[in-house]
Amino acid sequence: MLTRDQINQYESCGYVFPDYRLSESTLKEIREKHKKIIQKYPAYRDNCPDLLSYDVSFLNYAQNPIILDMVAQLIGPNIALWNMSFFAKPAYNGKKTPWHQDGEYWPIRPLATCTVWIAVDDATQENGCMQFIPGSHRKRKLMKHNQQNDDNLTLQQELQLDQIDMSKSINVELSAGQISLHDVFLAHGSKVNLSNKPRRGMTLRLMPTTSLYDRKFATKLFEERGDYNGALRKLFLLRGTNINGNNQLSPLI
């Protein structure tokens, strides 16, 4: 469980690094599963936007009771998983992820999600670890983003940087197996990986079931931007009950 100080940090800074680590055997399984997906779908070598569409067994990692206990302390006891993705920066030419707020991409109303970011490899400054702007979530609103259409980026909505204080950015260096939790409004990004070491990260996107995953809005975003069509995603109830009865939930495996 998170301590009171850790919960306070999440509320104040927008992120926390729990005292928890996945086992090496679990990491090995994840790496092997990801390798198989990339072999079959090489276009996803930098960013696989929906792991569960290609291997539903990834759902097992989202049902980790220790992780869910911590997330429940932050967003409440009724939790739905609406996405799992993989941001993988291959050695030597891993792509940059532009500065952004996650909520700019997501059809959730009201906007609420805790992202669990799992370091599948050591994440360092050398190989393109994430960077956060502490406290950038506090206004609880989306800032201006610009469409980029740049094949050298993993995402195409880039935060207009004059809205944040870049001097406050921190590097999120994690050892393999460590996790970070961050808020839907937190400004973050990551640099290219030109090192000889990969930097793979797996995400769990967890929302309180008081929110609605709006599939019509997801289709609208897809038509406007040409990104992955989020209307196709499956949602899974991991804890509690489905407070918003309009969420379409799939059964757990």
Side-chain angles (χ1 to χ4, degrees), residues 15-55 57-58 60-62 64 67 83-100 102 105 115-134 148-159 161 166-182 186-205 227-228:
Y15 60 86
V16 69
F17 311 126
D19 304 317
Y20 176 72
R21 182 176 294 190
L22 270 66
S23 69
E24 183 56 41
S25 61
T26 298
L27 292 174
K28 183 178 179 180
E29 289 177 2
I30 293 172
R31 291 170 188 143
E32 287 299 316
K33 289 177 182 292
H34 179 251
K35 180 180 178 181
K36 290 179 181 178
I37 288 178
I38 299 307
Q39 286 174 340
K40 191 170 183 179
Y41 304 97
Y44 292 150
R45 52 150 257 166
D46 283 277
N47 177 15
C48 182
D50 190 358
L51 287 174
L52 297 177
S53 290
Y54 306 102
D55 185 349
S57 71
F58 275 99
N60 292 324
Y61 306 115
N64 182 313
I67 292 177
N83 175 244
M84 293 183 68
S85 59
F86 220 102
F87 286 90
K89 292 181 185 287
Y92 303 110
N93 60 359
K95 292 183 180 181
K96 172 185 176 180
T97 296
W99 285 94
H100 66 285
D102 289 336
Y105 294 85
T115 291
V116 181
W117 199 98
I118 300 171
V120 180
D121 305 300
D122 292 340
T124 67
Q125 293 184 57
E126 180 187 19
N127 67 3
C129 67
M130 285 192 296
Q131 295 176 295
F132 291 161
I133 303 291
Q148 295 304 325
N149 301 316
D150 185 344
D151 289 340
N152 295 312
L153 301 176
T154 61
L155 301 172
Q156 298 304 319
Q157 299 298 314
E158 184 168 23
L159 185 63
L161 295 184
M166 294 294 293
S167 69
K168 294 182 178 179
S169 67
I170 66 163
N171 293 304
V172 183
E173 294 194 294
L174 301 172
S175 298
Q178 285 187 294
I179 69 174
S180 74
L181 310 177
H182 70 260
L186 184 72
H188 61 291
S190 63
K191 296 179 180 179
V192 297
N193 178 17
L194 302 178
S195 77
N196 63 355
K197 298 177 181 178
R199 194 237 65 180
R200 289 166 288 189
M202 185 174 73
T203 62
L204 318 178
R205 314 292 192 178
D227 297 330
Y228 177 82

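Treat the numbers as computed from the prediction; the structure is a model and nothing was measured.
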Could you walk me through whether W117 and L204 pass the side chain to side chain contact (heavy atoms under 4.5 Å, CB included) test, one step at a time? CA-CA 7 Å; W117 199 98; L204 318 178; over 6 Å; no
Side chain to side chain contact (heavy atoms under 4.5 Å, CB included) evaluation trace for Y92 with V192: CA-CA 9 Å; Y92 303 110; V192 297; over 6 Å; no
May I have the step-by-step check of side chain to side chain contact (heavy atoms under 4.5 Å, CB included) for S180 and V16, ending in yes or no? CA-CA 6 Å; S180 74; V16 69; over 6 Å; no
Apply salt bridge (charged side-chain N to carboxylate O under 4.0 Å, His left out) to the pair R200 and D121, showing each step before the final yes or no. CA-CA 6 Å; R200 289 166 288 189; D121 305 300; 2.7 Å; yes
From CA spacing to verdict: side chain to side chain contact (heavy atoms under 4.5 Å, CB included), Q148, Q157: CA-CA 6 Å; Q148 295 304 325; Q157 299 298 314; over 6 Å; no
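A side-chain donor from one of Y20 and N64 sits under 3.5 Å from a side-chain acceptor of the other. Counted by atom type alone, K96 and S190 present zero donor-acceptor pairs between their side chains at under 3.5 Å. H182 and D102 are linked by a side-chain donor-acceptor pair at a separation below 3.5 angstrom, with hydrogens and angles left out of the test. Remark: the K33 side chain and the S57 side chain contain an N/O donor-acceptor pair separated by less than 3.5 Å. A donor and an acceptor atom, one from each side chain of D50 and Y228, are located under 3.5 Å apart.
Rounded to the nearest 0.5 angstrom, H100 NE2 and L153 CG are separated by 11.0 Å. Taken from CD1 in I67 to OH in Y61, the straight-line distance is 12.0 Å, to the nearest 0.5 Å. To the nearest 0.5 Å, the span separating OG on S85 from CZ on R205 amounts to 4.5 Å. Between the NZ atom in K95 and the CG atom in N193 there is a gap of 13.5 Å [rounded to 0.5 Å]. Atom CD of Q131 and atom CD of E173 lie 10.0 Å apart (nearest 0.5 Å). How far CG of L181 is from CZ of F17: 9.5 Å, rounded to the nearest 0.5 Å.
Aromatic rings of Y41 and Y54 (six-membered ring for Trp) have centroids within the 6.0 Å cut-off, being under it. When ring centroids are compared, Y15 and H188 stay outside the 6.0 Å threshold.
Between L52 and M84, the shortest heavy-atom contact is CD2-SD, 3.9 Å. The two residues N127 and P198 make their nearest non-hydrogen contact at ND2-O, 3.2 Å. Contact record, G128 with R199: O-NH1, 2.9 Å, taken as the closest heavy-atom pair. Closest approach of A176 and L27 over heavy atoms only: C-CD1, 3.7 Å. Across D46 and N93, no two heavy atoms sit closer than the pair OD1-O, 4.5 Å. Here the shortest heavy-atom pairing between P49 and N83 reads O-ND2, 2.9 Å.
Within the 4.5 Å cutoff, the side chain of F87 has no heavy atoms near those of the V120 side chain. Contact check for N47 versus F86: no side-chain heavy atoms found under the 4.5 Å cut-off. Here the side chains of I37 and C48 are in contact, with some heavy-atom distance below 4.5 Å. Side-chain contact check for L161 versus M166: some heavy-atom pair is nearer than 4.5 Å.
One finds no salt bridge joining E126 and K191 here, because no Lys/Arg side-chain nitrogen approaches an Asp/Glu carboxylate oxygen to under 4.0 Å.
Checked by atom type and distance alone, the side chain of Q178 pairs as donor or acceptor with a backbone atom of S175 at under 3.5 Å.
The only member of T115, I118, I179 that meets side chain to side chain contact (heavy atoms under 4.5 Å, CB included) when paired with T203 is T115.
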